[in-house]
Structures are given as structure tokens and as C-alpha cells.
Amino acid sequence: MALRTISSQLAAQLDKELMGPEVGFTLEQLMELAGLSVAQAVVKEFPYSETRKSQVLVIAGPGNNGGDGLVCARHLALSGFQPVVYYPKRTTKTPFYAQLVNQLKFFKVPVLGAGDNWAQYLDHTKTLCVVDAIFGFSFKPPVREPFGSILQQLRHAQQNLPIVSVDIPTGWDVDEGPADSDCIIPSVLVSLTVPKPCAAKIDTCETHHYVGGRFIPRDFALKYGFEPFPYENLDQVLRLH
Ligand SMILES: NC(=O)C1=CN([C@@H]2O[C@H](COP(=O)(O)OP(=O)(O)OC[C@H]3O[C@@H](n4cnc5c(N)ncnc54)[C@H](O)[C@@H]3O)[C@@H](O)[C@H]2O)[C@@H](O)CC1
Ligand SMILES: [K+]
């Protein structure tokens, strides 16, 4: 199936309509479904087993992509994984994010901040995968600290430690794809709602591609120029490649 994508501008317009007065989704609702879908992709890619390591490092950025990561960590904890969240730059935009952090504390999920030793969790003998919830479709290069050095460490770790990118592989241009050769190459990409153009630049031998963020009806998808994705039953993700 040819990969249908929509531009980042159209994606932003689609969001605006979803959260507009007629449809009336709240960001919290969309984020909950998005985060759940990423957790489901992790479970499908790395099925939980008593014997195997189950620690997952979730790196959350300052925006809503980071919010997806906080939600994903909670669902991973519910499904028996041992998530650890590194959340160096916390948005104070809305109290909602503080509630997401409270929920993680409620689930006994460690939430590390700037200055904490997060890199210890890049040890692939203990950690199953890293969830890249740093930047999504609002990323504008060049990367500003502390995310530059975080990406550098991820690039180094990715040889042995699979990266699951939420919506956009962090550091990639949302429309053009990898800006230069030292970008991260995720093992899994979970495109939310609909793949953005950068998703066409993944190498399907290296990156398993899922679509998640299941919250639009057929006619709305067609209006935005793409076929609805044939999710099964109540699955929150569908593997495209
Ligand atoms: N709109 C939707 O339908 C949904 C969107 N969601 C998520 O929201 C994401 C978009 O969220 P946002 O628009 O908050 O933006 P992002 O989360 O993509 O990140 C932008 C944030 O990072 C900062 N930033 C941007 N470029 C930077 C750079 N070069 N260096 C350092 N900081 C930089 C910005 O100040 C902003 O705070 C999507 O990718 C998706 O993951 C989901 O939460 C729910 C569904
Ligand atoms: K990301």
C-alpha cells in the first residue's frame, strides 16, 4: 500500500479542527489515545516476558510529543514493564502536565529531571528500548540544548538499544526527513493520526512503521485526502511496514 502522508501544515490544520468547537476533542483526550497507541506498539514489538528485561527509558520533550511519552509510560507500567521517564524540560503551559507527572508518581514510575543521571538507563543489558517522545511535528532545527547532547547519546546507544519514535523521529525535518547523516534511526516509528512526509524517508528494513492515534472517522480522513487505516477490532495501532 503506497504510504499516504499529509504535510505538517495540513496535520496542524487537522488538529485544529479536531480540537475546534464543532468536534470538541480536548488535547488531553487525544494525548491519552496517542500515548496508549505508542504503548501498544511497544508491547507488540517487545512482548513482555517474565524472563526478559522489561525496563523502558521514556525521554519526554517540552511539548505535546513529550506529553504522549508521559502517557505512554503510564500504560507501559500498567502492562508490567518498568518504565523510567527522563523529563529534563517541563512545560508549565498548563497544569495538565503536572498531573501527568503526578500519575506517574502514583504508578511508582521514576521521573528524572535535569541533572539526574539518566544516561545509566541507556544500558542495553538492562533496558529493552527507548521511547523518543522529545519532539514531534513542531520541531524546528537546529536542536537546542539539552536536546542536542541527548540526541548525541541516543545516536551512540542506538546500535544496541532500539529507539521507538513518537510521531516524528526527533531531529528529522518533519517534511524532508533526516537533515543530515548523524540523525537517529528509530527501530520503530509510530506515526500519530496519519504519517507525516518524513515517514516516507524511513528504510523499512531498519524501521517498523505503525500508525496510531486512532480518533478520526472515515469521512474526516477522506476529507483530508487519505484512506482511513484498516485497524483491527479496537486495536489502537496498525503496522504499516
Ligand atoms: N495534534 C494532535 O492530533 C496530537 C498531537 N500530539 C502530539 O503533539 C505533537 C506536537 O506537539 P507540539 O506542537 O507541542 O510540539 P512538539 O512536542 O513537537 O515540540 C515542540 C516543543 O519543542 C520546542 N522546540 C521546537 N524546536 C526545538 C529545537 N530545535 N530545540 C529545542 N526545543 C525545540 C518548542 O518550543 C515546543 O515546546 C505531535 O507530534 C504529537 O506527538 C498528541 O499529543 C495528541 C494528538
Ligand atoms: K519524537
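Just so you know, these numbers use all the heavy atoms, side chains as well, and skip hydrogens, waters and symmetry mates. Order of appearance sets the numbers: ligands from 1, and atoms from 1 within every ligand. Just so it is clear, the structure is predicted and the values come from calculations on it, not from any experiment.
The closest protein non-hydrogen atom to atom 8 (O) of ligand 1 is Asn64 CB, 3.1 Å. For atom 5 (C) of ligand 1, the closest non-hydrogen atom of the protein is Phe137 CE2, 4.4 Å. Here the heavy atom of the protein found nearest to atom 37 (O) of ligand 1 is Pro62 CG, 4.0 Å. Nearest non-hydrogen protein atom to atom 19 (O) of ligand 1 is Phe135 CD2, 3.9 Å. Of all protein heavy atoms, the one lying nearest to atom 20 (C) of ligand 1 is Ser138 CB, 3.8 Å. Closest to atom 30 (N) of ligand 1 among all protein heavy atoms lies Arg144 N, 2.9 Å. Protein heavy atom nearest atom 17 (O) of ligand 1, with residue, atom name and distance: Asn65 N, 2.9 Å. Nearest protein heavy-atom contact of atom 18 (O) of ligand 1 is Gly136 N, 2.7 Å.
For the pair Gln158 (side chain) and Ile185 (backbone), a donor-acceptor distance under 3.5 Å is present. The main-chain N or O of Asp132 is never found under 3.5 Å from a side-chain atom of Ser165 such that the two would form a donor-acceptor pair.
An N or O contact shorter than 3.5 Å links Lys140 to ligand 1 by distance.
Between Leu27 and Asn64 the shortest side-chain heavy-atom distance falls below 4.5 Å.
Between Phe229 and Tyr231, the angle of the ring planes goes over 60°, which puts this pair in the perpendicular group of the 30/60° scheme. Note: Phe147 and Phe135 have perpendicular aromatic rings, judged against thresholds of 30 and 60 degrees for the angle between ring planes.
Vertex the K ion (ligand 2), arms ending at O of Phe135 and O of Ile168: the angle is 80° after rounding to 10 degrees. Angle subtended at the K ion (ligand 2) by Asp132 OD2 and Thr170 OG1: 60°, rounded to 10 degrees.
Across the listed options Ile168, Asp68, Val194, Thr170, Asp68 owns the non-hydrogen atom lying nearest to atom 42 (C) of ligand 1. Summarising the contacts of atom 2 (C) of ligand 1 with Asp15, Val143, Leu30, the nearest heavy atom is found in Asp15.
For ligand 1, the atoms lying closer than 4.0 Å to a non-hydrogen atom of Leu192 are 40 (C), 41 (O). Near Gly63, meaning under 4.0 Å from any of its heavy atoms, are these atoms of ligand 1: 14 (O), 17 (O). Each of the atoms 38 (C), 39 (O), 40 (C), 41 (O) of ligand 1 lies under 4.0 Å from some heavy atom of Asp167. For ligand 1, the atoms closer than 4.0 angstrom to any heavy atom of Met31 are 43 (O), 44 (C). For ligand 1, the atoms closer than 4.0 angstrom to any heavy atom of Pro142 are 28 (C), 29 (N).
For the residue pair Gln103/Arg74, the side-chain donor-acceptor check at 3.5 Å is satisfied. Side-chain atoms of Glu145 and Ser149 include a donor-acceptor pair closer than 3.5 Å.
Leu33 and Gln236 get closest at one heavy-atom pair: CD2-OE1, 3.9 Å.
Here Val166 reaches the K ion (ligand 2): one of its N/O/S atoms is less than 3.4 Å from the metal.
Salt-bridge annotation for Lys196 and Asp167: present, with a side-chain N of the basic residue lying under 4.0 Å from a carboxylate O of the acidic one. Between Asp123 and Lys53 there is no salt bridge, since no side-chain nitrogen of the basic residue lies less than 4.0 Å from a carboxylate oxygen of the acidic one.
When the side chain to side chain contact (heavy atoms under 4.5 Å, CB included) test is applied to Arg239, the partners found at least two apart in sequence or on another chain are Glu45, His208, Tyr210. In this view, Ser191 and Leu189, Pro195, Ala199, His209 satisfy the side chain to side chain contact (heavy atoms under 4.5 Å, CB included) rule, not counting sequence neighbours.
At least one protein heavy atom sits closer than 4.0 Å to atom 10 (C) of ligand 1. Note that atom 33 (C) of ligand 1 has protein non-hydrogen atoms nearby, at separations under 4.0 angstrom.
Within 6.0 Å of CD in Gln159 there are more than 12 heavy atoms belonging to other residues, nucleotides or ligands.
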